[in-house]
Chemist: 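Encoded as structure tokens, here's the structure I'll be asking about.
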Amino acid sequence: MCQSVCQIFVQSHLQCKLEFIVLNNMHVNSSMSSCRSSRRRKKRMRATDGSKWSFLEHKGPVMAAPYEPLPSNVRFFYDGKQMKLSPEAEEVATFFAKMLDHEYTTKDTFRKNFFKDWRKEMTSEEKSKITDLKKCNFNEMGEYFKVQSEARKAMTKDDKLKIKVENERLLQEYGFCIMDNHKERIANFRIEPPGLFRGRGDHPKMGMLKRRIRPEDIIINCSKGSKQPKPPTGTKWKEVRHDNKVTWLVSWTENIQGAIKYIMLNPSSRIKGEKDWQKYETARNLKKCVERLRNQYREDWKSKEMRIRQRAVALYFIDKLALRAGNEKEEGESADTVGCCSLRVEHINLYPEKDGQDFVVEFDFLGKDSIRYYNKVPVEKRVFKNLQLFMENKQPEDDLFDRLNTSILNKHLQELMDGLTAKVFRTYNASITLQQQLKELTSRKSSTKILSYNRANRAVAILCNHQRAQPKTFEKSMQNLQTKIDAKKDQLSDAKRDVKSAKADLKVRRDERFKKAVETKKKAVERLEEQLMKLEVQATDREENKQIALGTSKLNYLDPRISVAWCKKWGIPIEKIYNKTQREKFAWAIDMAEDDYEF
DNA sequence: TTGAGCACTTAGTAACGCCGCG
DNA sequence: CGCGGCGTTACTAAGTGCTCAA
């Protein structure tokens, strides 16, 4: 690495976290009441011209491993007859073979897309012979990969260590870059290997071939004065550019959607941390004016103009239910999912009265990642009447908000508050909910503190509809836990009996030895009670959590300073809340928040 | 006004690897 | 020492939102 840089970046890494700057164009509130440490330090202005860095040096990406042809004893059969495939066709076939026991390979769309793309890689002879996927037998190939992965698991400690060391070497060499005097961790320094595209939900492109990325597809971004990454011998990068208005180091265009993929920095980096901080400051700004905005949209429900009413009702949903904005999507390019602005008539049902509540709206649609959103909510009468109006004379597949899209909505929001967009409401409502719930749920009883935190976290996850598949092992592991609890209960009652008999002994003979015995037995009971309590807390927590993912909100929606302050206030070590990675990502917050921090 | 392109955040899942237990 | 369970990490898809040009 560049020498001059090395000299500079020996400065402590912490320094970089403390250099958090209020950007000129950021419009954040600068009255950071509980950010003592940041106030104490001199703030240096960061560039206002939109540049993100002035020096950037890195080693470029790690390319995907080249294809290794199968040993000749692993055969492919077509229509019952063995057939040797060309390396190109064979590679694509292995992608399919590796997924053989996955449900994907039974899906029609998947098979159709795969077969179409596979044929493109075949020689003309192969193409003329292989015309029906059903006649293809990949079993030996699939078996081979299973054996391989078994072998990998059964490797000796030594061999495993070798791999570990090699990975570590790769990480050290390619996993870091230098940006403005600091050595920073890169998030994803490997080029995505080729394979079969697996979309989420009912994706029209599932099974398509994700092609191998060559150096000629790759754009490198670094600073002019830096040592440029070298392409593999005999190859060239597509381009080397020096654009400091962006944060990425490497990019390429992916062939399925034609989207650009990037290599960027780790969340622990200055550039990501600052952005994260900025995000929460914007959400805090919303807190200051949210009542005004709410009054505004309630007024707008009465507007003469349809577009205003639609805008106001959509905003109400975004605010109340933390729905996503809902950009338009090109039909047939991806799974049919929606957000607020793209809701269709078929996604809601109106009930003037349901389950004893008036004006109930029932939502049922697929959101991001095709996760189902199902919710029944009572709404204000005006909202209900508006929805009826919006749905008049429409087909189920028509847009609910036909006079609205995210760009119109966001333009409006921008006028109401600087930096305000639809997604800020999700951040705001998530964070304020955590803060409120922590206040409500945290009691003085010490052993349930973490449970309280998780419950508050869970309230947010439910609000944001962050779901996960119930772990396959859930039922079993729950049973195991119950067994443990039962065993602990038995132990406890035994221990209690012991205490009693020890006391009885003591009564008979007042002896120092017996007195001691009673004490130790009592201690044992206490210890067991504590252990039992712990197990029961764990069981409750796990049960309540089975289909809810806490990680997403923790990582992306909850102002970490709320959690840091909570830990300080209750004397909980931060490690109980954030693991190592999370502590690195939130280092800025851990450093700045005091116990009295208010979101 | 629309649409494409681009940059960046948010998301669930699969694979990994560590730790306690028998 | 192997094994199972579980937290962590890697991976990459799928969103949001901005800009620019026709």
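Here is how names work: the chains are called A, B, and so on, in the same order as the sequence lines, proteins then strands, and each is numbered from 1. Note that these values count all heavy atoms, side chains included, but never hydrogens, waters or copies made by symmetry.
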Chemist: Is it the case that atom CD in A:E68 sees more than 12 heavy atoms from other parts of the structure closer than 6.0 Å?
Modeler: no

Chemist: Are OP1 or OP2 of B:dT10 and a side-chain N or O of A:H466 less than 4.0 angstrom apart?
Modeler: no

Chemist: Should we say atom CD of A:E331 is surrounded by more than 12 heavy atoms from elsewhere, each under 6.0 Å from it?
Modeler: no

Chemist: Is the number of heavy atoms from other residues, nucleotides or ligands within 6.0 Å of CG (A:N167) greater than 12?
Modeler: yes

Chemist: Using a 4.0 Å heavy-atom cut-off, does A:T406 contact any base of the nucleic acid, only the sugar-phosphate backbone, or nothing at all?
Modeler: nothing

Chemist: For A:D276 and for A:N405, find the nucleotide of DNA chain B with the closest heavy atom, then tell me which residue's nucleotide is more 5'.
Modeler: A:N405

Chemist: Using a cut-off of 4.0 Å on non-hydrogen atoms, how would the nucleic acid contact of A:R468 be classed: base, sugar-phosphate, or nothing?
Modeler: sugar-phosphate

Chemist: Remember a base hit wins even if backbone is also touched, and classify A:A259 as base, sugar-phosphate or nothing at under 4.0 Å, heavy atoms.
Modeler: nothing

Chemist: Nearest of C:dG15, B:dT10, C:dA13 to any side-chain atom of A:K423?
Modeler: B:dT10

Chemist: Could you check whether A:K279 gets within reach of a base, just the sugar-phosphate, or nothing at all, counting any heavy atom under 4.0 Å?
Modeler: sugar-phosphate

Chemist: Using atom NZ of A:K160 as one end and atom C1' of B:dC18 as the other, report the distance to the nearest whole Å.
Modeler: 11 Å

Chemist: Does A:R324 place a side-chain N or O at less than 4.0 Å from the phosphate oxygens OP1/OP2 of B:dA11?
Modeler: yes

Chemist: On the nucleotide B:dC8, are OP1 or OP2 found under 4.0 Å from the side-chain N or O atoms that A:K52 carries?
Modeler: yes

Chemist: Closer to the 5' end of DNA chain C via nearest nucleotide, is it A:G199 or A:L420?
Modeler: A:G199

Chemist: Look at all strands and tell whether A:D369 reaches a base, only sugar-phosphate, or nothing, counting heavy atoms closer than 4.0 Å.
Modeler: sugar-phosphate

Chemist: Rounding to a whole Å, what distance do you find between A:Y262:OH and B:dT10:P?
Modeler: 16 Å

Chemist: Quick one: is A:N410 getting a side-chain N or O under 4.0 Å of the C:dG17 phosphate, OP1 or OP2?
Modeler: yes

Chemist: Taking for each residue the nucleotide of DNA chain B with the nearest heavy atom, is it A:R198 or A:V246 whose nucleotide lies nearer the 5' end?
Modeler: A:V246

Chemist: So, is A:N327 near the phosphate of C:dT16, with a side-chain N or O under 4.0 Å from OP1 or OP2?
Modeler: yes

Chemist: What is the distance from NZ of A:K329 to C1' of B:dG3, rounded to the nearest Å?
Modeler: 17 Å

Chemist: May I ask you to verify whether the side chain of A:K368 and the base of B:dT10 hold a donor-acceptor pair under 3.5 Å?
Modeler: yes

Chemist: Are OP1 or OP2 of C:dG17 and a side-chain N or O of A:R426 less than 4.0 angstrom apart?
Modeler: no

Chemist: Using a 4.0 Å heavy-atom cut-off across all strands, classify A:G367 as base, sugar-phosphate, or nothing.
Modeler: sugar-phosphate

Chemist: Within the structure shown, what part of the strands sits under 4.0 Å from A:R152 by heavy-atom distance: base, sugar-phosphate, or nothing?
Modeler: nothing

Chemist: Can you tell me the distance, in whole Å, between the CG atom of A:N188 and the C1' atom of B:dA7?
Modeler: 14 Å

Chemist: Is atom NZ of A:K245 surrounded by more than 12 heavy atoms (other residues, nucleotides or ligands) closer than 6.0 Å?
Modeler: yes

Chemist: Mind checking A:A469 for me? I need base, sugar-phosphate or nothing, with any heavy atom below 4.0 Å counting as a touch.
Modeler: sugar-phosphate

Chemist: So does A:K59 pair up with A:E173, basic N to acidic O under 4.0 Å?
Modeler: yes

Chemist: Can you identify which nucleotide, out of B:dT9, B:dA14, B:dA11, has its nearest atom closest to the A:R200 side chain?
Modeler: B:dA11

Chemist: For A:P267, which contact category applies under a 4.0 Å heavy-atom criterion: base, sugar-phosphate, or nothing?
Modeler: nothing

Chemist: Mark yes when over 12 heavy atoms from residues, nucleotides or ligands other than A:K160 sit less than 6.0 Å from its NZ; otherwise mark no.
Modeler: yes

Chemist: Hey, do the aromatic rings of A:F114 and A:F96 have their centres closer than 6.0 Å?
Modeler: yes

Chemist: Examine distances only and state if a side-chain atom of A:T421 and a backbone atom of A:N410 form a donor-acceptor pair shorter than 3.5 Å.
Modeler: no

Chemist: For A:I408 and C:dG17, what is the distance between atoms CD1 and C1' respectively, to the nearest whole Å?
Modeler: 15 Å

Chemist: For A:S370 and C:dA14, is the shortest distance between a side-chain N/O and OP1 or OP2 below 4.0 Å?
Modeler: no

Chemist: Nearest whole angstrom, please: distance from the C1' of C:dA13 to the CZ of A:F110.
Modeler: 15 Å

Chemist: In this structure, how many angstroms lie between the C1' atom of C:dC18 and the NZ atom of A:K411, rounded?
Modeler: 11 Å

Chemist: So what does A:S407 touch, heavy atoms closer than 4.0 Å: a base, only the sugar-phosphate, or nothing?
Modeler: nothing

Chemist: Would you classify A:Q467 as touching base, sugar-phosphate or nothing, given that sugar-phosphate means primed atoms plus P, OP1 and OP2, and contacts are heavy atoms under 4.0 Å?
Modeler: sugar-phosphate

Chemist: Take the protein atom OH of A:Y373 and the nucleotide atom C1' of C:dA14, then report the distance between them rounded to whole Å.
Modeler: 19 Å

Chemist: When you measure from the side-chain N and O atoms of A:K275 to the phosphate of B:dC8, is any distance below 4.0 Å, counting only OP1 and OP2?
Modeler: no

Chemist: Between C:dT16, C:dT12, B:dA7, spot the one nearest the side chain of A:P193, thanks.
Modeler: C:dT12

Chemist: Could you tell me whether A:G326 contacts a base, only the sugar-phosphate backbone, or nothing, with contacts defined as non-hydrogen atoms closer than 4.0 Å?
Modeler: sugar-phosphate

Chemist: Please classify the nucleic acid contact of A:K164 as base, sugar-phosphate, or nothing, using heavy-atom distances under 4.0 Å.
Modeler: sugar-phosphate

Chemist: Which one, B:dA11, C:dT12, C:dA10, comes nearest to the side chain of A:T552?
Modeler: B:dA11

